[in-house]
Every structure is written in structure tokens, then in C-alpha cells.
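Working notes for the structure below.
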Amino acid sequence: MSKEPKAKSIIEPRVLKGFRDFLPSMEIPKKAITNNLEKHFRSYGFVPIDTPVLEYTEVLLGKGGGETDKQIFHFKDNGDRDVALRFDLTVPFARFLAQHHSELALPFKRFHIDKVWRGENPQKGRYREFTQCDFDIVGVDNAEADFEILSMMDSSFSVMGVKNYQFCIAHRGLFNAFLAHHGVLEQSVEILRTVDKLRKIGKDEVLALLHELTSDQEKAKAILQYISKEDEQEPFLTTLDRLTALSGGENPFSERMRTIYSYLCNAGIEAHFTFDPSITRGLDYYTGIVYETFLTELPHFGSVCSGGRYNDLASLYTKEKLPGVGSSIGLDRLLAALEELGSPLVASASSADVALFNTDVTQFSTYDRIARAMRKHGLRVSIYLLNKKQGAQYKWAETNAIPFAVILSEDDVQNNTLTLKNLRTREMQNALSTEAAIAVITKELF
RNA sequence: GUGGAAGUAGUUCAAUGGUAGAGCACCAGAUUGUGGAUCUGGCUGUUGCAGGUUCGAGCCCCGUCUUCCACCCCA
């Protein structure tokens with residue numbers, strides 16, 4: 001393309017807008033979190049699945065329409081097929097279910113931790129490539145399944161080490177009952193979108209927009225009354241009673257919420273859950289309970305874990321009735337938030353427990369023998385592979401946040417011992433056996 | 001996709017349209033000798049990229065890319 005050959009012939013290293021590299025300092029905590037989550041999901045009897053990154057565009061767009069169309073990365077493959085990158089893990093899961101439900105025992109509980117892609121304009125905590133941690137239960141539509149997902153959300157945040165979060169939950173069915181009661185159900189999609197903005201633009205703006213939508217001041221006021229809580233601290237059941245009354249009395253949806261809340265109370269985890277009727281979720285496949293999760297210190301970051309019940313999703317691909325409920329943790333957004341909060345979760349990224357110094361390369365096999373013995377005891381041991389002076393080796397260990405160094409003096413080589421240094425306190429212990437050193441390190445670290 | 005702001009060394013920041021600089025970091029050497037000190041030297045830049053105006057552009061103009069913000073939507 002260039003007119004003249006230039007002296008510089010290297011290609012500029014760069015990544016696409018909204019896409020990112022992960023350095024060890026970020027990838028280590030990310031892996032640690034996903035490992036914890038995976039163990040945690042499995043403790044609930046959830047199993048992992050995987051689906052292709054690329055699908056037929058028609059499969060992914062099946063129901064979405066509108067906004068999803070604009071956000072999805074799609075193109076023609078080399079065989080002229082119309083293909084697209086998955087923009088979430090839920091829609092491919094619905095396709096997966098339709099294809100394999102006969103091979104699965106229902107109720108089926110799965111989790112899926114992987115990357116998804118959306119062609120949105122990036123902002124802080126919002127990327128074009130990001131990781132979702134999904135967990136869903138399909139084949140059952142009851143309060144017990146709804147509760148189990150909520151319960152897992154709560155324990156997931158504690159397993160991840162995240163503090164100060166709030167789950168905001170609402171019920172799409174209850175809201176629709178309310179809209180039907182006021183004869184505005186036809187406009188539910190527009191109303192839902194408007195209602196969702198309450199947190200951002202405030203009551204007055206929302207009221208004006210609702211008035212515009214319904215052309216009826218009374219109806220607009222009624223909707224605003226439904227979605228806003230006079231008292232932020234209003235108890236869950238009080239909110240539920242109020243909304244039930246506004247919807248024309250008890251119905252299956254309010255009963256469902258009542259049961260779910262009783263389970264939350266019995267489990268002793270109700271404090272993290274608040275009834276927020278302004279939560280509606282933009283995606284229109286939700287039919288029951290819906291929820292979003294906010295970090296109390298960074299509410300403007302948006303939800304870091306959202307989901308709900310979808311009873312008809314698989315019906316795009318099969319006549320089989322496959323109700324589901326699930327939730328998705330936005331790992332990259334969460335990590336960005338934790339970084340902004342200066343959380344220790346994203347600060348500790350040590351590459352190893354022990355740095356084995358290389359002070360005399362003729363002793364390399366001795367180093368290797370010690371390293372192998374230590375690794376057998378579960379320690380992470382990294383031998384310094386360059387033959388440099390000790391200052392450089394100390395610096396290398398420090399940069400990699402390695403807490404211990406093993407150094408072999410001439411005496412150590414003679415006597416088959418080693419010197420152990422705690423790099424944080426700078427304490428040294430001489431003439432230790434390998435076993436003794438392992439004991440000291442293990443005691444200090446675990 | 002639309003609108004706004006920004007982009008200078010690895011990093012934090014300077015430089016009236018007139019020769020691109022400082023601290024920290026990094027590298028080499030000396031000194032020290034089982035590291036945080038000191039000394040000497042060095043490097044890092046086609047000022048995001050590519051054009052235009054000008055005798056001359058980091059600075060002005062156009063385009064483009066990226067980041068941040070708002071809309072939209074969402075994890």
C-alpha cells in the first residue's frame with residue numbers, strides 16, 4: 001500500500017478497539033476467580049458445557065432482532081455461510097438444548113465460562129470481547145429453581161472474594177400483570193425500556209417519557225408509582241404487597257416471589273436482596289424473575305451479574321417445552337471495577353512461591369533436584385535461568401512477587417544444605433535441609 | 001452507529017509556530033558483596049498514524065486509529 005519502501009518494515013503491534021491483551025497481573029487474578037467459580041458451581045451439581053464461538057447468524061438472531069442485530073459481529077465465512085460470533089452464552093445454550101435435550105437428564109444444570117463478543121462502542125468496564133460466567137437450570141419452572149440460582153449468585157460473590165454488592169430483583173410477569181391491569185400491555189417493550197432508565201435519569205424525566213408513550217397522565221403516574229420506592233429501605237415484603245395491590249391483587253407471580261423470599265430468609269441470605277421494581281432487563285425473552293447486581297461503591301459501573309427466568313427461549317428451536325432460569329457474571333466488568341476500587345484481589349499476582357537463585361550454573365542439577373522436591377509438596381518453584389549477579393536475581397524475584405528465595409552458598413553445596421531467605425522480612429535461615437525449608441515455607445504460606 | 005474530549009520516552013508530566021526536555025523506571029559498568037545506597041555512562045521518541053498550510057508544525061487545518069465520556073444498549 002505504501003508508496004515507497006520504508007526503512008522500518010515491522011508491523012505495528014496493535015489490537016482492535018474494545019479488545020484487550022491480559023498481562024499476568026490481570027490474567028492471574030482472572031484465572032483464580034474462574035477456578036474458584038468453577039469449583040463452586042460444581043459443588044451445586046452444575047456441569048460444564050462448551051459451544052462453538054461461531055454460529056449461523058440466523059441461529060443467534062432468532063429472536064433478538066432490533067438492538068442485537070446492530071451489536072453482533074457477523075460476516076460471510078469462506079464457504080459463503082452467514083456466520084456470527086456469539087454475543088452471549090444463553091442463546092447458544094438454547095440452541096444446544098433444542099439439539100441435545102433428549103441426551104440430557106432434566107432438570108439440567110450447567111455452567112459455561114467463556115468469551116462473548118458485541119460490536120458496541122467501548123467504555124470503562126464495557127468491551128467488545130468479554131468473559132461471561134453463566135449458570136442456568138432448565139427443565140423446571142418453580143420457586144425452588146429460582147431460589148437456587150439466587151442462592152448461587154450470593155455464594156459466588158463470596159467465593160470470588162467480592163464485598164459490598166446488592167442484588168436487585170423484580171418480576172417481569174408481575175409487571176406485565178400490572179400493565180395489563182392498566183390496559184397498556186401492548187406497549188410493554190417501550191415502557192420496560194423507559195422504566196429501566198429510572199436509576200439514571202430520575203423520576204421526572206421518566207414520567208415525561210411515560211406520558212409521551214401512553215398519552216395518559218394518570219397511567220404514566222401509575223407506572224411511576226409502581227416502579228419507584230418512596231423509601232429506599234422499604235422491606236421486601238412491603239414492596240411486594242404494594243406492587244401486588246397495584247396489579248389488581250394476588251396472582252401466581254406475587255405468590256412465586258413470596259415463596260422465593262421465604263427461602264432466602266430461611267437460608268439467612270435475604271440481606272443481600274432488595275426488591276427493585278425498576279429492574280426490568282432490556283432483553284425481551286425474560287418471563288419471570290429478573291435481577292441485576294450492583295457494587296455499592298461503584299453503581300455507575302452497571303450490573304456485574306444479571307439474568308432471570310426465560311420460559312420460552314428454546315421454543316425458537318424446538319417444540320419441546322424447556323423453561324429455564326439463569327444468571328451471568330460479567331467477569332471483565334467486575335475485574336475493571338475491582339481494579340478501580342484497589343481491591344487486593346487484583347493486586348496479588350505472584351508467579352511462584354519460591355525463587356531458586358542461580359549463583360553457580362555448574363550446580364544447575366542441584367537446583368533442579370531441590371525444585372522437584374519442593375514441587376512434590378505443592379510449592380510453585382521458579383529457577384532463575386540467567387547467570388547474573390544476585391542483585392538482578394533479587395530484583396527479578398521482587399518484580400514477580402515471589403515471597404521466598406533459595407540460595408546455595410559454597411558451604412551449602414559442600415554439605416548438601418540450602419539457605420532460605422524470606423524476601424519480605426529479609427530473614428535468612430542457613431544450612432537447612434530441603435525438607436526443613438519446605439516445612440518453613442509451607443507453614444508461612446498456608 | 002451518533003455526538004464531545006484527549007493522545008508527547010516503559011511511566012508520570014513539560015516544551016510562545018523556531019534544535020523535543022525532567023523525575024521515576026530500565027540497561028551497562030564501577031563500588032559493595034548473599035538486593036534496597038552511591039558514582040559514571042546509556043537508552044528509550046519517526047510527538048498515535050497519514051496528509052495539508054507554512055521558510056519552518058508536538059503546536060494550526062483535514063482524515064484516520066485508539067482511549068475516555070454521553071446517547072443507545074448492556075456484562
Side-chain angles (χ1 to χ4, degrees), chain A residues 1-4 6-8 10-20 23 64-72 86-90 113-134 153 189 192-194 196-197 199-201 205 279-284 286 290-295 298 300-307 326-337 340 355 357-360 384 388-399 402 405-412 418-424 426-430:
Chain A
M1 294 301 267
S2 55
K3 289 169 286 184
E4 299 169 28
K6 292 191 174 176
K8 187 182 80 169
I10 58 168
I11 298 161
E12 189 194 347
R14 54 186 188 147
V15 297
L16 287 165
K17 174 185 192 169
F19 289 69
R20 300 171 300 157
L23 273 64
E67 288 304 321
T68 312
D69 283 28
K70 293 186 214 155
Q71 296 190 355
I72 201 160
R86 62 182 178 213
F87 64 91
D88 72 4
L89 298 174
T90 307
I113 303 174
D114 225 320
K115 284 181 172 175
V116 302
W117 295 267
R118 292 182 196 174
E120 281 184 292
N121 262 352
Q123 279 177 37
K124 205 178 199 67
R126 161 184 281 206
Y127 312 99
R128 291 189 160 182
E129 176 182 64
F130 59 98
T131 299
Q132 290 196 322
C133 310
D134 270 39
M153 283 163 59
V189 175
L192 288 173
R193 291 235 172 92
T194 310
D196 216 30
K197 295 179 193 165
R199 189 177 287 272
K200 207 169 222 170
I201 63 177
E205 286 286 321
I279 299 292
T280 59
R281 315 283 302 126
L283 297 169
D284 53 7
Y286 292 113
V290 289
Y291 27 81
E292 297 190 351
T293 311
F294 298 95
L295 300 175
L298 290 175
H300 64 278
F301 247 77
S303 175
V304 292
C305 175
S306 311
S327 192
S328 179
I329 298 171
L331 194 55
D332 295 278
R333 178 173 289 182
L334 186 60
L335 284 169
E340 181 150 323
F357 278 19
N358 182 1
T359 41
D360 177 3
Y384 189 79
K388 287 207 194 179
K389 57 185 181 184
Q390 290 198 15
Q393 304 202 31
Y394 277 114
K395 191 160 268 180
W396 176 79
E398 191 173 68
T399 305
I402 300 174
V406 164
I407 304 150
L408 265 62
S409 67
E410 282 175 28
D411 286 350
D412 285 323
L418 57 80
T419 299
L420 179 68
K421 181 155 182 176
N422 182 322
L423 294 177
R424 202 162 30 79
R426 309 210 170 198
E427 283 174 90
M428 295 217 316
Q429 291 179 261
N430 297 300

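Values below: all heavy atoms of this structure, side chains included; hydrogens, waters and symmetry mates excluded. Proteins get letters first, then strands, A, B, ... in listed order; numbering begins at 1 in each.
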Does any N or O donor sit under 3.5 Å from an N or O acceptor when you compare the side chain of [X] with the base of [N]?
{"X": "Arg333(A)", "N": "C74(B)", "value": "yes"}
{"X": "Glu120(A)", "N": "G1(B)", "value": "no"}
{"X": "Lys421(A)", "N": "G35(B)", "value": "yes"}

What's the closest nucleotide to the side chain of Tyr394(A) if the choices are A75(B), C26(B), G35(B)? G35(B)
Choose from U31(B), C74(B), C26(B) the nucleotide whose nearest atom is closest to any side-chain atom of Lys389(A). U31(B)
Give me the distance, rounded to whole Å, that separates [N] from [M] when you measure between the [atom1] atoms they each carry.
{"N": "C69(B)", "M": "G52(B)", "atom1": "C1'", "result": "30 Å"}
{"N": "A37(B)", "M": "C24(B)", "atom1": "P", "result": "11 Å"}
{"N": "U47(B)", "M": "G21(B)", "atom1": "C1'", "result": "12 Å"}
{"N": "G10(B)", "M": "U44(B)", "atom1": "P", "result": "10 Å"}
{"N": "A25(B)", "M": "G4(B)", "atom1": "P", "result": "42 Å"}
{"N": "U54(B)", "M": "C59(B)", "atom1": "P", "result": "16 Å"}
{"N": "G51(B)", "M": "C62(B)", "atom1": "C1'", "result": "8 Å"}
{"N": "C61(B)", "M": "A57(B)", "atom1": "C1'", "result": "11 Å"}

Min side-chain heavy-atom separation [X]-[Y] under 4.5 Å:
{"X": "Trp396(A)", "Y": "Ile402(A)", "answer": "yes"}
{"X": "Phe301(A)", "Y": "Glu340(A)", "answer": "yes"}
{"X": "Met153(A)", "Y": "Thr293(A)", "answer": "yes"}

Those residues at least two apart in sequence (or on a different chain) that pass side chain to side chain donor-acceptor pair (under 3.5 Å) with Glu410(A) are none
Who passes side chain to side chain donor-acceptor pair (under 3.5 Å) against Asp412(A), sequence neighbours left out? Ser409(A), Thr417(A), Thr419(A)
Using whole Å, report how far OH of Tyr291(A) lies from C1' of A75(B). 14 Å
Do any N or O atoms of the protein come closer than 3.5 Å to N or O atoms of nucleotides 63-69 of chain B, and which pairs are they?
residue: U66(B); atom: OP1; partner: Lys17(A); partner atom: N; Å: 3.3
residue: U67(B); atom: OP1; partner: Gly18(A); partner atom: N; Å: 2.8
residue: C69(B); atom: OP2; partner: Lys124(A); partner atom: N; Å: 2.6

Residue list, side-chain contact (heavy atoms from CB on, under 4.5 Å) with Gln123(A), at least two apart or on another chain: Arg126(A)
Which residues share a side-chain contact (heavy atoms from CB on, under 4.5 Å) with Glu129(A), sequence neighbours left out: Phe19(A), Lys115(A), Trp117(A)
Return no unless some side-chain N or O of Arg193(A) is found under 4.0 Å from OP1 or OP2 of C73(B). yes
Where are the stems of RNA chain B, defined as at least 3 consecutive Watson-Crick or wobble G-U pairs with both distances under 3.5 Å? B:1-7 with B:65-71, B:10-13 with B:21-24, B:26-30 with B:38-42
